[in-house]
Amino acid sequence: MTDAGVSGNAPGGASAPRGAGAPVLSARGVCRSFHEGSTTLDVLVDVQLNVARGERLAIIGASGSGKTTLLQILGGLDQPDAGVVEVAGRDIHALSEHERSTLRNRSIGFVYQFHHLLPEFSALENVAMPLLVRRERTAAAAGRARDLLLRVGLGERLNHRPHQLSGGERQRTAVARALVTSPALVLADEPTGNLDGRNAEQLFALMLELNREFGTSLVVVTHDSRLAARMDRVLELSGGALQAPQGL
């Protein structure tokens, strides 16, 4: 069994930062299989993972290796067949659906390859939405959303709807939305995969800058080895388990 919490240091000798106290994210013995007729596909097999406060972790792996499935389980969007996932010290899969939704809203931000912005709302409204869901006052939610959109360089696009934004602007809006609740953890699934090289580099640099500024732990699934190499740690999902990557 590989303890992915202490293996897989990033190239160049950079080691994982040691946050104070318990890890922000911990996964132990996570397994997930899919069944089709008489065929069983074991996608995740005894996944072990610890992510420290403020740490930046990249997860790489071949297409179909289960990276998105793992990220969904870590974020409480899918159930494992076995194992425990703790976010901010709470077993996310032992909670009721309402409690799990509340924990996601308060402790986890998500960034996807495709932005998943609500098309009928402006950038400001999209970013404020997680705060409005928790019933914060509209003015306070809008103020926080405005501050973050200014921070990601979209101060002149506050009232634009998603179809009026470029691909890079939509992803920057999605990053602002992920951070608006000041979560302990951001999970990002191929966040630059739908962007050209220039926009991908700008978005990734922004995510790393915001990670340093807010101290939010960052777990990124990516196919881009150049981006992965800029993280604190790189782990590879292979054979259903996380391990130190080969050749890095």
Side-chain angles (χ1 to χ4, degrees), residues 1-5 7-11 25 27 29-51 55-83 85 108-117 167-168 170-172 174-175 178 185-208 211 217-248:
M1 181 186 304
T2 299
D3 183 354
S7 65
N9 287 345
L25 171 66
V30 171
C31 301
R32 185 71 166 94
S33 299
F34 295 95
H35 306 278
E36 186 174 343
S38 60
T39 302
T40 299
L41 177 62
D42 297 321
V43 176
L44 303 176
V45 182
D46 197 23
V47 169
Q48 312 287 330
L49 177 66
N50 287 314
V51 178
E55 183 178 2
R56 301 176 298 184
L57 170 68
I59 297 176
I60 63 174
S63 295
S65 61
K67 301 185 299 299
T68 293
T69 297
L70 175 59
L71 217 62
Q72 290 175 336
I73 289 174
L74 296 179
L77 299 174
D78 188 15
Q79 289 276 351
D81 297 324
V85 175
I108 307 174
F110 295 90
V111 183
Y112 303 95
Q113 178 175 351
F114 300 98
H115 51 81
H116 292 298
L117 299 176
R170 287 193 290 267
Q171 282 299 75
R172 279 187 276 158
V175 169
L185 172 69
V186 168
L187 302 174
D189 190 2
E190 297 285 0
T192 62
N194 200 38
L195 302 176
D196 60 37
R198 178 173 174 272
N199 278 308
E201 169 60 30
Q202 290 179 344
L203 180 74
F204 204 76
L206 173 65
M207 291 179 68
L208 296 183
N211 154 263
S217 301
L218 183 60
V219 178
V220 178
V221 163
T222 181
H223 279 101
D224 193 326
S225 59
R226 295 170 303 172
L227 299 183
R230 296 169 61 186
M231 306 290 275
D232 296 317
R233 275 195 299 160
V234 182
L235 293 173
E236 182 175 11
L237 184 61
S238 179
L242 288 170
Q243 55 194 321
Q246 300 299 312
L248 285 181

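- The distance from atom OG1 of T69 to atom CG of L237, rounded to the nearest 0.5 Å, is 9.0 Å.
- Shortest non-hydrogen contact noted between E55 and N50 is OE1-O, 4.2 Å.
- In terms of heavy-atom proximity, L227 sits nearest to F204 at O-CE2, 3.4 Å.
- Within the 4.5 Å cutoff, the side chain of F110 has no heavy atoms near those of the D189 side chain.
- Two residues are said to be in side-chain contact when any heavy atoms from C-beta on lie closer than 4.5 Å; L44 and C31 fail this criterion.
- Using a distance-only test at 3.5 Å, with no hydrogens or angles considered, a donor-acceptor pair links the side chain of D232 to the main chain of R56.
- What you find for E236 and G61 is that their closest heavy atoms are CG-CA, 4.3 Å.
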Residues L57, L218; criterion side-chain contact (heavy atoms from CB on, under 4.5 Å); working and verdict: CA-CA 6 Å; L57 170 68; L218 183 60; over 6 Å; no
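- Between L74 and L25 there is a side-chain heavy-atom pair separated by less than 4.5 Å.
- A188 approaches M207 most closely through the heavy-atom pair CB-CE, 3.9 Å.
- Side-chain contact between E190 and T222 is present, with heavy atoms from C-beta onward closer than 4.5 Å.
- Residues K67 and H223 form a side-chain contact, since some pair of their non-hydrogen atoms from C-beta on lies under 4.5 Å apart.
- The nearest pair of heavy atoms linking P191 to V220 is CD-CG1, 3.8 Å.
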Intermediate values then yes/no, side-chain contact (heavy atoms from CB on, under 4.5 Å), L187 and V221: CA-CA 8 Å; L187 302 174; V221 163; over 6 Å; no
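- You'll find the side chain of I59 stays beyond 4.5 Å of the side chain of V234, heavy atoms only.
- Residue A58 comes nearest to M231 through the heavy atom pair CB-CG, 3.6 Å, listed as atom of the first residue, atom of the second, then distance.
- You'll find the side chain of I60 stays beyond 4.5 Å of the side chain of L235, heavy atoms only.
- By the 4.5 Å heavy-atom criterion applied to side chains, R32 and I73 are counted as neighbours.
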Working for side-chain contact (heavy atoms from CB on, under 4.5 Å), residues D42 and F34: CA-CA 7 Å; D42 297 321; F34 295 95; over 6 Å; no
